[in-house]
Amino acid sequence: MEIKVLGPGCAKCKEAEDIVRAAVRDAGSDAHVEKVTDLREMMALGVMATPAVVIDGKIKCTGRVPTPAEVREWISGPDAAV
C-alpha cells in the first residue's frame with residue numbers, strides 16, 4: 001500500500017502526516033508513507049487543496065486533516081491491499 005500525504009509543510013499538513021504515520025504504525029501495516037511537497041505532483045494527482053491523503057492513487061481527503069479513525073478505516077477497510 002502506497003500512502004501519500006500532500007502539503008507544502010504547514011502545521012495542518014504536518015498534523016495529517018503524523019496522524020497517517022501513527023495509524024499505519026498502530027495497525028502494524030507495512031504501508032509506505034511518503035510526504036509530497038511538490039506542487040506539480042499534487043496537481044498531477046488531482047489535488048487542489050491541502051492537506052490531502054492519497055492511498056494507492058485514490059484521493060481519500062483534501063483540504064482537511066483526517067481523523068485517526070478515518071485513516072485506520074482506509075488502511076484496513078475493504079479496499080485495503082491484502
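Inter-residue side-chain proximity for Pro8 and Thr37 is flagged as unmet; no heavy-atom pair is nearer than 4.5 Å. Contact of the Val54 side chain with the Ile3 side chain is not registered, since no non-hydrogen atoms from C-beta on lie closer than 4.5 Å. Residues Val5 and Cys13 are not in side-chain contact: their nearest non-hydrogen atoms beyond the backbone lie 4.5 Å or more apart. Ile59 has its side chain within reach of Val47: a pair of non-hydrogen atoms, C-beta onward, lies under 4.5 Å apart. You'll find the side chain of Asp18 reaches within 4.5 Å of the side chain of Lys14, heavy atoms only. Looking at heavy atoms from C-beta onward, Val53 lies out of side-chain contact with Leu6 at the 4.5 angstrom threshold.
Note on Glu70 versus Arg64: salt bridge recorded, some NZ/NE/NH1/NH2 to OD/OE distance being below 4.0 Å. In this structure, Lys4 pairs ionically with Glu41, as a charged nitrogen and a carboxylate oxygen lie closer than 4.0 Å.
With sequence neighbours left out, the side chain to side chain contact (heavy atoms under 4.5 Å, CB included) criterion links Ala69 to Thr67, Arg72.
Rounding to the nearest 0.5 Å places CE of Met1 at 6.0 Å from CD1 of Ile55.
Judged purely by atom type and a 3.5 angstrom limit, Asp56 uses its side chain to pair as donor or acceptor with the backbone of Glu2. Remark: the backbone N or O of Ala31 is paired with a side-chain donor or acceptor of Ser29 at under 3.5 angstrom.
Closest approach of Pro66 and Ile19 over heavy atoms only: O-CD1, 3.4 Å. The minimum heavy-atom distance linking Ala27 with Ile75 is given by the pair CB-CD1, 3.7 Å.
Under a hydrophobic clustering in which Ile, Leu, Val, Met, Phe, Trp and Tyr are joined whenever their side-chain heavy atoms come within less than 4.5 Å, directly or via other members, Val65 and Val33 fall into the same cluster.
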